[in-house]
Asker: 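What follows is a single structure, and I will ask about it in a moment.
In each ligand, atom 1 is the first atom listed, and ligand 1 is the first ligand listed. Numbering starts at 1 and runs along the sequence shown. This structure is a prediction, so every number in the text was calculated from the model and none was measured.
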Amino acid sequence: MTDTSTADSTDVDTSSPETDRADTLTIRDNRTGQEYEVPITDGTIRAADLKKLAVDGEPGGLATYDPGFVNTASCRSAITFIDGDEGILEYRGYPIEQLAEHSTYLEVAYLLLNGELPDREQLDDWVHEVTYHTFLHENLKQFIQGFRYDAHPMGMLMASVSALSTFYPDARDVLDADARKLQITRMIAKMPTLGAFAFRHGMGRPYVYPDNDLSYTENFLAMLFKMSERKYNADPRLVKALEVLFILHADHEQNCSTNAVRSVGSSQVDPYSAVGAGIGALYGPLHGGANEAVLRMLREVKTVDRIPEFIDGVKNGKEKLMGFGHRVYKNYDPRAKIIKKACDDVFEVTGVNPLLEIAMELEKIALEDEYFVKRRLYPNVDFYSGLIYEALGFSPEMFTVLFAIPRTSGWLAQWEELITDKEQKIARPKQIYTGYRTRDFVPLDQR
Ligand code: CMC
């Protein structure tokens with residue numbers, strides 16, 4: 001930044017060749033009367049550039065205050081693009097609609113991690129590597145067995161992913177590219193196994209080991225639902241629906257859980273611990289936990305004729321319309337559109353979920369209501385996904401696990417990008433201190 005009152009303004013190249021427009025911001029600090037010129041790059045200014053705006057004696061200079069990061073970019077990323085106004089989502093430049101229609105989850109995971117779609121040989125190698133790592137250490141199985149019968153599967157998943165770090169001490173070598181690649185493969189491979197074991201634990205059923213003849217999603221369904229049959233054959237329409245759901249959930253740029261993974265990962269802890277933190281963030285009802293909350297909400301509404309009363313409650317601030325609204329999308333979430341379509345394919349196999357009628361009517365009324373229109377609140381990815389999950393035989397507690405499994409590839413792509421980004425530092429925000437300053441300790445009997 002150039003302090004124009006004191007420094008030579010030629011320090012900053014302010015011209016843009018095409019437009020001759022100065023890509024700078026001039027700031028006048030009315031406390032001191034000084035003017036400063038700050039470069040604008042990619043539509044942002046560097047918060048650190050504001051440090052120079054200081055009144056005599058003030059430590060640190062000017063800072064920005066941005067609870068919830070509503071207008072702060074924390075990184076440069078080449079993985080996922082979202083245009084919230086237009087309802088556009090792209091992974092590495094490929095529209096989500098095309099990936100959902102033509103790709104598989106593991107192919108998309110490769111794309112997120114490597115930047116390009118794999119050729120045939122690369123895909124075969126990648127699928128082989130992931131398949132090779134699907135088994136868990138037996139001690140981890142015992143660890144999962146130690147949970148209470150009614151433990152929430154997200155709590156089990158969070159703990160067991162974090163526990164993986166104790167099985168792979170080489171994971172601490174985060175600056176070694178080969179070691180990172182191995183942990184990434186391991187984690188993507190083991191997530192379905194961990195999720196399925198958590199599911200079976202809650203049902204009191206024996207855990208089913210991976211079947212490496214099956215595809216990623218077929219194997220997951222087998223580990224969830226296989227009983228005494230020799231081979232579990234899932235309906236291909238359900239396999240396809242699960243692939244689509246996994247693709248839609250694979251990444252979503254700097255959301256709450258990805259930010260948690262990046263923030264924790266910035267301490268250079270192993271990736272199992274960083275992803276464990278991401279799972280914790282995803283668990284919350286404002287984030288991935290919303291799909292579970294949607295199902296509970298639909299059950300509470302119970303019948304279509306009670307919708308107007310429920311909507312009044314939302315407008316009076318008594319409740320939230322779960323599965324609606326998004327920090328970035330101010331339009332229909334493109335993922336919700338695809339899921340709505342996938343509902344039909346799944347219900348063709350499983351029969352229609354009776355809650356669908358309530359969901360569709362709720363959506364119709366909300367989209368016409370001034371409260372939602374004014375705030376640009378549209379259905380998000382979680383509004384319809386729970387209906388499919390329920391039809392597939394999952395209890396609501398499992399819904400967020402079904403989000404966490406595919407999001408692992410996105411978290412890890414973002415983690416890899418973080419570790420290899422020379423500009424990144426340990427995450428350490430500032431605060432505005434509002435508490436007492438120095439005061440003397442008061443002994444207990446004098447308080
Ligand atoms: N129902 C009713 N009112 C809402 C809702 C909702 N679902 N979402 C936002 N609003 C209102 C909010 O009360 C506020 O109104 P006002 O201006 O009068 O105070 C206005 O809309 C702006 O909302 P906000 O809370 O400032 O927006 P945000 O960007 O901080 O929050 C959100 C985004 C997703 C947390 C929020 O929309 C929400 O809580 N939605 C329900 C939970 C949900 O479905 N979460 C899943 C998100 S998508 C999947 C994922 O990424 O995990």
Side-chain angles (χ1 to χ4, degrees), residues 65-72 79-82 84-85 87-89 91 96 154 158 245-262 277-298 300-301 307-340 359 362-389 396 399-408 410-411 414:
Y65 176 55
D66 190 7
F69 298 123
V70 294
N71 197 26
T72 296
I79 301 172
T80 291
F81 173 82
I82 300 176
D85 286 327
I88 293 172
L89 169 62
Y91 296 160
I96 192 68
M154 275 300 272
M158 178 164 45
L245 286 163
F246 275 16
I247 290 169
L248 299 183
H249 287 90
D251 194 50
H252 212 233
E253 52 121 304
Q254 306 312 312
N255 55 83
C256 177
S257 56
T258 301
N259 182 58
V261 170
R262 278 186 174 259
I279 295 172
L282 189 71
Y283 194 177
L286 297 189
H287 192 8
N291 51 19
E292 182 178 341
V294 169
L295 241 278
R296 296 194 196 289
M297 174 188 78
L298 295 176
E300 251 174 69
V301 174
I307 292 176
E309 187 194 332
F310 175 77
I311 293 275
D312 282 346
V314 172
K315 287 172 13 186
N316 296 333
K318 272 200 257 157
E319 25 221 340
K320 250 186 180 175
L321 178 50
M322 299 311 285
F324 255 67
H326 199 276
R327 171 63 61 78
V328 183
Y329 293 121
K330 301 301 167 200
N331 199 327
Y332 214 102
D333 181 337
R335 301 168 300 173
K337 264 190 208 157
I338 300 170
I339 290 185
K340 209 171 161 189
L362 206 49
E363 179 191 325
K364 191 167 151 262
I365 293 177
L367 290 180
E368 287 164 0
D369 192 293
E370 145 105 48
Y371 174 94
F372 298 92
V373 173
K374 207 171 99 199
R375 291 171 177 77
R376 302 175 75 190
L377 300 171
Y378 291 86
N380 60 49
V381 68
D382 292 318
F383 193 66
Y384 285 105
S385 61
L387 292 173
I388 299 191
Y389 294 146
F399 294 177
T400 317
V401 171
L402 297 160
F403 190 153
I405 292 171
R407 181 54 60 87
T408 302
W411 285 331
Q414 301 271 351

Asker: Which atoms of ligand 1 have any heavy atom of V381 under 4.0 Å away?
Answerer: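 Counting from 1, the qualifying ligand atoms are 49 (C).
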Asker: Would you say atom 48 (S) of ligand 1 touches the protein, meaning some protein heavy atom is under 4.0 Å from it?
Answerer: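 It does; a protein heavy atom is within 4.0 Å.
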Asker: If you measure every N or O of Y371 against every N or O of ligand 1, does any of those distances drop under 3.5 Å?
Answerer: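 In this structure, Y371 places an N or O atom under 3.5 Å from an N or O of ligand 1.
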Asker: Within the distance-only criterion (no hydrogens, no angle test), does the side chain of N316 pair as donor or acceptor with the backbone N or O of K318 below 3.5 angstrom?
Answerer: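 Side chain of N316 to backbone of K318: no pair is present.
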Asker: Check each heavy atom of L286 against ligand 1 and say whether those closer than 4.0 Å belong to the side chain, the backbone, both or neither.
Answerer: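 Looking at L286 and ligand 1, atoms from backbone and side chain both fall under 4.0 Å.
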Asker: Assess, by modelled atom type and distance only, whether the side chains of Q414 and Q254 contain a donor and an acceptor separated by less than 3.5 Å.
Answerer: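 A pair is found: one side chain offers a donor N or O, the other an acceptor, under 3.5 Å apart.
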Asker: Would you confirm whether the ring centroid of H252 sits within less than 6.0 angstrom of the ring centroid of H326?
Answerer: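 They qualify: ring centres under 6.0 Å apart.
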Asker: Protein heavy atoms: any of them under 4.0 Å from atom 27 (O) of ligand 1?
Answerer: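 Not a single protein heavy atom is under 4.0 Å away.
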Asker: Counting only non-hydrogen atoms of the protein, does one fall under 4.0 Å from atom 3 (N) of ligand 1?
Answerer: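 Yes, because at least one protein heavy atom sits under 4.0 Å from atom 3 (N) of ligand 1.
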Asker: Would you confirm whether R375, through its side chain, and Y371, through its main-chain N or O, come within 3.5 Å as a donor-acceptor pair?
Answerer: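 Pair found, side chain donor or acceptor close to backbone of Y371.
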Asker: So is there a nitrogen or oxygen of E319 less than 3.5 Å from a nitrogen or oxygen in ligand 1?
Answerer: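 It does not: no N or O of E319 is found under 3.5 Å from an N or O of ligand 1.
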Asker: Tell me whether V314 has any N or O atom under 3.5 angstrom from an N or O of ligand 1.
Answerer: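 No, no N or O pair falls under 3.5 Å.
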Asker: For ligand 1, which atoms sit closer than 4.0 Å to a heavy atom of G288?
Answerer: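 Near G288, the atoms of ligand 1 are 52 (O).
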Asker: Atom CG of N291 and atom CG of D382: how far apart are they, to the nearest 0.5 Å?
Answerer: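 Rounded to the nearest 0.5 Å, the CG-CG separation comes to 4.5 Å.
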Asker: Restricting to non-hydrogen atoms, name the atom on D251 and the atom on G410 that form the minimum distance, rounded to 0.1 Å.
Answerer: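 Nearest heavy atoms, D251 then G410: OD1-CA, 3.3 Å.
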Asker: Please report which non-hydrogen protein atom sits nearest to atom 46 (C) of ligand 1, along with the residue it belongs to and the distance in Å to one decimal place.
Answerer: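 Here the closest protein heavy atom is D382 OD2, 3.3 Å.
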Asker: Measure H326 to ligand 1 on non-hydrogen atoms and call it side chain, backbone, both or neither using the 4.0 Å cut-off.
Answerer: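 Looking at H326 and ligand 1, atoms from backbone and side chain both fall under 4.0 Å.
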Asker: Suppose we measure from atom 34 (C) of ligand 1 to each protein heavy atom; which comes out shortest, and what is that distance?
Answerer: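 For atom 34 (C) of ligand 1, the nearest protein heavy atom is G325 O, 3.7 Å.
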Asker: Side chain of D333, backbone of P379: donor and acceptor closer than 3.5 Å?
Answerer: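 Absent.
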Asker: Distance to 0.1 Å, residue and atom name: give those for the protein heavy atom nearest to atom 15 (O) of ligand 1.
Answerer: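 Looking only at protein heavy atoms, the one closest to atom 15 (O) of ligand 1 is R375 NE, 3.2 Å.
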Asker: Any atoms of ligand 1 less than 4.0 Å from a non-hydrogen atom of A290? List them with their elements.
Answerer: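 Per the distance check, 43 (C), 44 (O), 45 (N), 46 (C).
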Asker: Looking only at protein heavy atoms, which one is nearest to atom 41 (C) of ligand 1, and how far off is it?
Answerer: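 The answer is F324 O, 3.4 Å.
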Asker: Looking at atom 30 (O) of ligand 1, would you say a protein heavy atom lies below 4.0 Å from it?
Answerer: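 Given the 4.0 Å cut-off, atom 30 (O) of ligand 1 counts as touching protein heavy atoms.
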Asker: For the OG atom of S257 and the CZ atom of F403, what is their distance to the nearest 0.5 Å?
Answerer: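 Nearest 0.5 Å value for the OG-CZ distance: 6.5 Å.
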Asker: Without hydrogens or angle criteria, can the side chains of E363 and Y384 be said to hold a donor-acceptor pair below 3.5 Å?
Answerer: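 Their side chains do contain a donor-acceptor pair, which is all the 3.5 Å distance test asks for.
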Asker: Pick whichever of K320, R327, H287 has a heavy atom sitting closest to atom 36 (C) of ligand 1.
Answerer: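 Of the listed residues, K320 has the closest heavy atom.
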Asker: Determine whether a donor-acceptor pair (N or O, by modelled atom type, separation under 3.5 Å) exists between the side chain of R407 and the backbone of F246.
Answerer: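 Such a contact is absent between R407 side chain and F246 backbone.
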Asker: Provide the number and element of each atom of ligand 1 under 4.0 Å from a heavy atom of L321.
Answerer: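 Atoms satisfying the 4.0 Å criterion: 1 (N), 2 (C), 6 (C), 7 (N).
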Asker: Considering the heavy atoms of M322, write down every atom of ligand 1 situated less than 4.0 Å from one of them.
Answerer: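 Every atom of ligand 1 under 4.0 Å from some heavy atom of M322: 42 (C).
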Asker: Can you confirm whether K315 is buried at NZ, in the sense that more than 12 heavy atoms of other residues, nucleotides or ligands lie under 6.0 Å from that atom?
Answerer: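 Correct, the count exceeds 12.
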Asker: Strictly below 4.0 Å, N to O, side chains only: are R296 and E300 in salt-bridge contact?
Answerer: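 Salt bridge between R296 and E300, a charged N being under 4.0 Å from a carboxylate O: no.
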Asker: Under 4.0 Å from a heavy atom of G323: give me the atoms of ligand 1 that qualify, with their elements.
Answerer: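 In order of numbering, the contacting atoms are 43 (C), 44 (O).
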Asker: Closer than 3.5 angstrom, by distance alone: can the side chain of T408 be matched with the main-chain N or O of I405 as a donor-acceptor pair?
Answerer: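 Yes, T408 side chain to I405 backbone: donor-acceptor pair under 3.5 Å.
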Asker: Heavy-atom distance from atom 39 (O) of ligand 1 to the protein below 4.0 Å?
Answerer: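 Yes, at least one protein heavy atom sits under 4.0 Å from atom 39 (O) of ligand 1.
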Asker: Nearest protein heavy atom to atom 24 (P) of ligand 1: under 4.0 Å?
Answerer: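 Protein heavy atoms within 4.0 Å of atom 24 (P) of ligand 1 - there are none.
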Asker: Is the gap between the ring centers of Y378 and Y329 under 6.0 Å?
Answerer: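 No, they do not, as the ring centres are separated by 6.0 Å or more.
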Asker: Say whether L377, considering both its backbone and side-chain N or O atoms, lies within less than 3.5 Å of an N or O atom on ligand 1.
Answerer: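 No: no nitrogen or oxygen of L377 is under 3.5 Å from one in ligand 1.
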